[in-house]
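Worksheet: one structure, shown below.
Just so it is clear, the structure is predicted and the values come from calculations on it, not from any experiment. To find a chain, count down the sequence lines: A is the first, B the second, and so on, and within it residues start at 1.
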Amino acid sequence: MSDAVNDQRGRAPLFLSLPAILLFTGLLAIPLVLTLTLSFHVFDGMKGIQPALTFNHYLKVFTDGYYYELFLRTAGMSLCVTAICVLIGVPETLIMSRMRPAWRGTFFVVILGPLLVSVVVRTLGWEILFGRRGPINDALVSLHLVDGPLRLMFSMTGIVIVLVHVLLPFMIIAVWGAVQKLDKRIAYAARSLGASPEKVFFRITLPQLMPGLLSGAIVVFTLSASAFATPAIIGGRRVKVVTTAIYDEFLHSMNWPLGATIAVLLLIGIVCIVVGSNRFVERRFKQVFS
Amino acid sequence: MSTLSLRHLSKSYGHLRIVKDLELEVESGEFISLLGPSGCGKTTTLQMIAGFVPPSSGSVFLEGQDITHRVPEKRDMGLVFQSYALFPHMTVSQNISFGLEMRKMQRSQIRDHIDEALQMVRLSGLGDRYPNQLSGGQRQRVAIARVLAIRPRVLLLDEPMSNLDAKLRGEMHVELRALQRRLGITTILVTHDQIEAMTMSDRIAVMAHGEIAELGTPRDVYDRPASEFVYRFLGHANVIEGEISSTNGNSAIVRVGSVALPVDVDESVGSKLKLCIRPERLQMSRPDEGNIRARVVTRLFLGGVWFYELDSDVGSLRVTTPNTGADQPEEGSTVGVTWNRQDMQAVAPETANV
């Protein structure tokens, strides 16, 4: 009797989640599995993809210094973007939390702006700004801050600036939640216990923002590691990162298996970092914030 | 010399005057309460003492030194908030240790101070817990231990018991008072809870509209309030309005409707005044005895006391009488009401300055 009831109950959730399951199977799981199998197929320059299986692509990526450098460059870029987003985003969120509601709303729109603009339009806009004769270089040169125009287009500096611009909202949204939970009386208590405003910030306020800051950092890091359009347009053919390398393997060298191999490794790398950081955040802050 | 003195302390936001020309001298080791309804300026006053709100005018003196413009971290004052304001990312020990580290104390000494502070608030053994693993009462104790560990020159309590349930609050009142006496620490409590103020304080400053309406020992302000506001704010009060019909030295006859009441008051004939008397100072007697007659409208049994609402010749009266086990008048019956003449006091009418 009770089994029958359980049976009925047992099926309902399955039926209800079926559309979502089908969607994710069709659009995520199957392509991922296909990419994974693709990465093990033999590739022949003349005959294309062969049915035979091999581990050679992985071996190549792991032994060739070129790919090593590629992954390191991408990781460095993502770390740099994340660090700058933290350095700008945390103070910016704290300042915004002290603004009057009307101003706060305005600045939220300004900050979320980049997300509302198509990636192509936004990036091409930066291309205009970044040119040798673009407004940024013109201003720097005429103010005598630099001797000659800086190379912003086709440079890592340019990619990092544009990625910070578009990923900063994610950091601010993540930190905003933590800022809302701050009790100013906690800071008051710390002051009256003898802490200067700087000590209060580093020992009391910032640690309370850490959970938000870390989750924001995870989002920013993964999104910059997997960003494609920005490095492709701003970096061009000069600055290659993992995503643009994958694109080149697929569409220029036509070496799909190798492209798939790099894609799989990028995915594994990102998943490891996300899971690792999540573990760290949970272990470190479980008892503290609930 | 008093430990803390507030001289002509004022705070205004635009045209809004929150605190008006406040004068207060707090003696060393004294426990003083700022008691008043919300919006009376008591918390603003505390914030000015702690240094978080700059006064618009006036000054704060601590042990003879003008500290009006001193930053909060250099004032040596301990603050306990209603929300406890514990550092959520630190253990209990780390919370207590924070103030000591800021004072550049040696590691080994800090350990001793933490143990001592935990012992004081009876939380020994809980040093490694985080605040959200503690009950409300325990958090409150940590907040107290954290400020006592730094041995502040003045302890400031901002409605510290409001988040505790009634029973725990009562226990904390007694405990905190005993601890304060033992350490001899000068303390200022801000509260709207009159029981809290009365059980713990040496003196109470009743505040209204940014001013101290009355300052004195709990017994003074309860038994001999100078204004109707204080009478009504502290406990219950029966207020009777009347007019003096004849005088004789320091006593007068006050007419209230058809009744004439003899009162000790020094006013001229014809002046209108308000008479106040506490519910527990009225006694019910047989109908043919007593100063006036009344009919019992409501009778409530509250355990320790009986509560009565009477409809009398001078208007509605509240009476409380201890539950001694004897039978008490029933609802609807007629009783006489008596009181001692000195318990009925004439008060200044409520001032309407806002």
Legend entry - Portion of A/K184 that has a non-hydrogen atom of chain B nearer than 4.5 angstrom: neither

Legend entry - Under 4.5 Å from a heavy atom of chain B, the part of A/A190 involved: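 Contact with chain B involves both backbone and side-chain atoms of A/A190.
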
Inset, instruction - Check B/E73 against A/A195 and note the closest heavy-atom contact, atom names and distance. - result: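 Taking B/E73 first and A/A195 second, the nearest heavy atoms are CB-O, 3.5 Å.
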
Legend entry - Nearest heavy atoms of B/F52 and A/S192, plus distance in Å: CZ-N, 4.2 Å

Is the [atom1] atom of [X] crowded by more than 12 outside heavy atoms at less than 6.0 Å?
X	atom1	result
A/Q180	CD	yes
A/F71	CZ	yes
A/R104	CZ	yes

Any non-hydrogen side-chain atom of [X] less than 4.5 Å from a side-chain atom of [Y]?
X	Y	answer
B/V71	A/P197	no
A/R185	B/Q82	no
A/M210	B/H89	no
B/F81	A/D183	no

Inset, instruction - Please test B/F87 against A/L193 for side chain to side chain contact (heavy atoms under 4.5 Å, CB included), starting from the C-alpha separation and ending with a verdict. - result: CA-CA 12 Å; B/F87 309 136; A/L193 286 170; 4.0 Å; yes

Inset, instruction - Could you list which of residues 215-228 of chain A have a heavy atom closer than 4.5 Å to any heavy atom of chain B, in residue-number order? - result: none

For [X], is it the side chain, the backbone, both, or neither that has a heavy atom closer than 4.5 Å to a heavy atom of chain A?
X	answer
B/L79	both
B/L86	backbone
B/R103	side chain
B/R146	both

Inset, instruction - Drop me the distance from A/R191's CZ to B/M77's CE, to the nearest 0.5 angstrom. - result: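 CE of B/M77 is found 13.5 Å from CZ of A/R191.
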
Inset, instruction - Would you mind checking if B/E101 and A/R203 are paired as a salt bridge, meaning a charged N to carboxylate O distance below 4.0 Å? - result: yes

